[in-house]
Amino acid sequence: MLVSFLAGLAHAGLMAVAFAPVEFGWAALVAIVPLVWVAVGMEKAGVSNGASRVSERSGGSRNSNSESGELDGSATSRLRERLYVGRCRKRDAVMVGLGASAFYWWQQQWVMDISAAGYVPLVMYLAIYPGLFVWLLSRLHGRFPRVPLAVLVPIVWTGLEWIRGEVVWDGYAWFLLGHPLIDTPIAWAGSVVGAYGVGALVAGWCGLACGIILSRGRITAIRRWGTVATLCLLLISCFAMLQGASAIFGAVFGPSLRVAIIQTNVPQSNKVGWTAEQREKDFERFLQLTQQSVPKDSDGVRRPAVVIWPETMFPGYFLEPLDVQLPDGTREKRVTRFTTRLLEMQGALRVPLLIGALGTENLRLEPGPDGGRVAFDTRYNSVFRVERGEVLSARYDKVRLTPFGETMPYISAWPWLEKRLLSIGAAGMSFDLGKGSVRAEALFGFDLTTLSDVPKVPTRAKLATPICFEVTETSLCRQMVRLAAADGSLPMLVNVTNDGWFGDWKPGKQQHLLASRWRSIELGVPVVRAANTGISAAIEFGKTGVRTLEHNQDGFLVGDVEFYRFSTVYRDLGDLCWVFPLTLAGLVILAIVRKTPNNQGDGSGTETAKAA
């Protein structure tokens, strides 16, 4: 059990080296090797010892010269092996999870400042997956011993990553195996198979290497099914990388859109308890940065097509107009003083703004004492467009609420329980936001500032605005990009986010930026980030340089962002790009080995000798 714990700890150490702040991405290539060794390497030694003990107790009653005795002994041995593995692997899996949790204790430390009560459950939840990987791989290897590890390892590992990133708790797609490889040639395959697929390729090569090593280098270890698996893995890897490289290095760029990104620096402690005085001070700074980012006409410099503010950085309670019923029964629209000043500034600049603020349904002032009270049916975390001195009605409402930051997955179905848990671990927070939807009206269109000389190239861009952690969710961003490109416009992702939640923990902000870079590679689109406390950035497909602003300081970034004129394989086909070849390879190999008589393999392609 100690060995299993140390293996989990080794996995945690390799992951820590691969991700920020160290960022030695190549460590990801071997990060799951200790886990595979626990699932398969220890199994070989453990099963051998267990089988010998059983053999001693049986008194050698099996007749080695009898063919029927050999068959009976072989069947009994396999049954005993499976029973032994099932009993042993559960303990190993638990110890692996405990060891691997060291990585999450380190990387998720920022959660303590938000919800001390949620820190421990979150870490233990994430640590379940390495342990579950060991247990599932061990069981599958025992059930299908002739299927190569090069097939089993990526099926189990990437399947669990996908479940964690897209399904459970609305998805938590952080710390994927392929993520640290963003600056390596392996990432080229991302435009074909996506981040999950890159992780599957890495897991496949880890499984292949472990299979060869555990076979003690015998020639038979790389024959038959091991050879088939190697060829399949090699073909898939080469195709994905070459296809991705041709898209990235042969990228044909079209026109560009000039954007101004505003980075605010409001600590989350201030944001939660944002006093009226501090709101006024911060708002003045936001206006100043916006005005500085837009040159005057007399300067002779091209002006940005849009200015982007971070998530929920509008300091007023509501940006949109308030419906007020007057004493005579008539109704009128009123806006807050923050909205009035913002509209005046935008009208003077004559540049549209995209601003993160709270949106509502049926915002109104109901009659009552002391001037009445503000009421609404539902409120949302939204992005608004401000243009021509008014707040336009079309807006984007956040679709995937952040687990334990804006909603409690599953628990929110019981308000009384949610309220009790908030009072224990997150006093002062309220989870009352509604969920929006991905729709054409929630996309923001802009005329391109630099046109292309090539005929029939679109002259208009459509901006989709995933809010905060939504940019980490591949399926949602792909849906947004495909909708934006449906009418022939050039799509762009604009991630408005409040990364003040991370406090001074810069690695958390770097992980968030890393996810945005993967969306650019996968979907073939530029990604712009406007982040409170940083790291704001402009990311272009096929270009290694990323323009950024340093974290924990305010400022602005102005520049032209170029569009890739074509789509990517992953944008068109999605996760089918890695699910299909992985499933097909597994089914083909499984079908072949099932038809092969008298061949008891070890999962690396080796043959095991018949019992004498």
Closest approach of Glu387 to Pro352 (non-hydrogen atoms, all atoms of both residues) = OE2-CG, 3.6 Å
Does the distance from a Lys or Arg side-chain N to an Asp or Glu carboxylate O, for Lys506 and Glu550, drop under 4.0 Å?
-> yes
Would Asp282 and Trp274 count as having a side-chain donor-acceptor pair, cut-off 3.5 Å?
-> yes
Interatomic spacing from CZ in Phe318 to CG in Leu358 - rounded to 0.5 Å = 6.5 Å
Whether Trp505 and Trp106 hold their rings parallel, tilted or perpendicular, with breakpoints at 30° and 60° = perpendicular
State whether the number of non-hydrogen atoms from other residues, nucleotides or ligands found under 6.0 Å of Tyr317 atom OH is greater than 12.
-> no
Return yes if a side-chain donor-acceptor contact under 3.5 Å exists between Thr312 and Asn498, otherwise no.
-> no
Value for CG (Leu433) from OG1 (Thr378), rounded to nearest 0.5 Å, stands at 10.0 Å
What is the minimum heavy-atom distance between Glu470 and Cys477, and which atoms define it?
-> O-SG, 3.5 Å
In plain terms, say whether Glu540 and Arg547 are close enough for a salt bridge, that is, a side-chain N and a carboxylate O under 4.0 Å apart.
-> yes
Going by atom types alone, do Thr339 and Thr336 pair a side-chain donor with an acceptor below 3.5 Å?
-> yes
N-O pairing of Asp499 and Arg529 below 4.0 Å = yes
Asp183 and Arg517 ion-paired at < 4.0 Å = yes
Identified side chain to side chain contact (heavy atoms under 4.5 Å, CB included) partner of Leu493 from the options Leu463, Val527, Thr465 | Val527
Strictly by modelled atom types, are Ser256 and Glu562 linked by a side-chain donor-acceptor pair under 3.5 Å?
-> no
Check whether the side chains of Ser382 and Asp397 place a donor and an acceptor atom closer than 3.5 Å, and report yes or no.
-> yes
Could you verify whether a donor N or O on one side chain and an acceptor N or O on the other, from Glu311 and Asn381, lie under 3.5 Å apart?
-> yes
Is the gap between the ring centers of Trp309 and Phe314 under 6.0 Å?
-> no
Would you say the side chain of Val496 lies within less than 4.5 Å of the side chain of Lys398, judging by non-hydrogen atoms?
-> no
Indicate whether the side chain of Asn495 and that of Thr497 have a donor and an acceptor atom separated by less than 3.5 Å.
-> no
Salt-bridge present (Glu441, Arg395; N to O < 4.0 Å) | no
Please check if the distance between the ring centroids of Phe175 and Phe103 is under 6.0 Å.
-> yes
Using a strict 4.0 Å threshold on nitrogen-to-oxygen distance, state whether Asp554 and Arg285 make a salt bridge.
-> yes
Inspect the surroundings of CG in Asp572 and state if more than 12 heavy atoms from other residues, nucleotides or ligands are less than 6.0 Å away.
-> yes
Would you please classify the geometry between the Phe502 ring and the Trp174 ring as parallel, tilted or perpendicular, with 30° and 60° separating the classes?
-> tilted
What pair of heavy atoms forms the shortest contact from Asn532 to Pro310, and how long is it?
-> N-CB, 3.5 Å
Find out whether Phe376 and Glu361 are in side-chain contact, i.e. whether some heavy atom of one side chain is under 4.5 Å from a heavy atom of the other.
-> no
Check step by step if side chain to side chain donor-acceptor pair (under 3.5 Å) holds for Ser191 and Glu522.
-> CA-CA 4 Å; Ser191 65; Glu522 291 171 339; over 6 Å; no
